[in-house]
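Step one of this worksheet: look at the structure below.
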Amino acid sequence: EAGVTQFPSHSVIEKGQTVTLRCDPISGHDNLYWYRRVMGKEIKFLLHFVKESKQDESGMPNNRFLAERTGGTYSTLKVQPAELEDSGVYFCASSLRLNTEAFFGQGTRLTVV
Amino acid sequence: QKEVEQNSGPLSVPEGAIASLNCTYSDRGSQSFFWYRQYSGKSPELIMSIYSNGDKEDGRFTAQLNKASQYVSLLIRDSQPSDSATYLCAGTGSGYSTLTFGKGTMLLVSP
């Protein structure tokens with residue numbers, strides 16, 4: 001069974017550009033999470049989908065970030081326009097049920113220059 | 001603000017020794033706890049979960065939870081050089097299932 005997959009693995013963009021990250025969760029996992037780790041800090045929560053609905057988006061830093069999960073399958077996270085402080089590693093995770101084990105993808109390393 | 005605290009390390013142990021990794025948390029309502037192992041440049045890999053007070057053993061790993069003291073630990077017996085990684089402690093709070101992570105403890109196992 002395939003794990004959580006993320007694309008791209010790396011992205012380097014200029015300040016002001018737009019980037020879209022994609023996450024494919026483990027098949028059958030209704031819960032999908034986005035997390036981010038910036039240099040020197042802990043991994044921090046961004047938002048949580050249950051199927052196609054946003055359950056919790058309290059971690060989204062500002063309105064330059066837009067996440068979608070159309071059809072309750074894969075999810076995208078768009079950053080528009082990107083700023084320097086958006087650089088970091090963006091992780092996606094999925095879980096079968098609430099409060100159970102979450103499995104992480106390999107992450108997308110975003111560098112904004 | 002909910003926090004999970006870990007000593008950043010590095011924690012150095014010789015091969016074959018027991019490595020003890022510790023974590024404290026501030027949210028008394030936290031329900032579930034997880035230990036992830038992360039190799040440099042790789043994704044966090046789930047190695048243990050614990051939901052109730054006491055010990056939980058899985059192979060060379062033992063997780064311990066003490067909710068009264070708000071303390072979680074991970075013991076790795078017979079440590080191997082391949083165990084060298086950063087170990088992340090994470091917990092979920094009351095009423096939500098998102099994870100709050102510590103910064104991680106780097107473990108170095110020397111041959």
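Chain letters run A, B, ... following the sequence lines, proteins first and then strands; every chain starts at 1. Worth saying up front: this structure is predicted, and the values here are computed from it rather than measured.
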Check: Is the shortest heavy-atom distance from the side chain of B:T86 to the side chain of B:Y36 under 4.5 Å?
Finding: no

Checklist line | Most chain B-contacting option - heavy-atom pairs closer than 4.5 Å, from A:V89, A:V4, A:L47, A:T100 | finding: A:T100

Check: Between A:S58, A:A102, A:G107, A:G59, which shows the greatest number of heavy-atom pairs under 4.5 Å with chain B?
Finding: A:A102

Checklist line | Segment of A:R37 engaging chain B (4.5 angstrom heavy-atom cut-off) | finding: side chain

Check: Roughly how far, to the nearest 0.5 Å, is OG of B:S69 from OH of B:Y25?
Finding: 8.5 Å

Item checked: Max heavy-atom pair count under 4.5 Å with chain A, selected residue of B:S8, B:S32, B:P44 -> B:P44

Next item on the list: For this output row, return yes or no: ring centroids of A:F45 and B:F101 closer than 6.0 angstrom.
Entry: no

Next item on the list: Could you tell me whether A:R22 sits above the aromatic face of A:Y74, with NZ or CZ closer than 6.0 angstrom to the six-membered ring centre and within 45 degrees of the axis?
Entry: yes

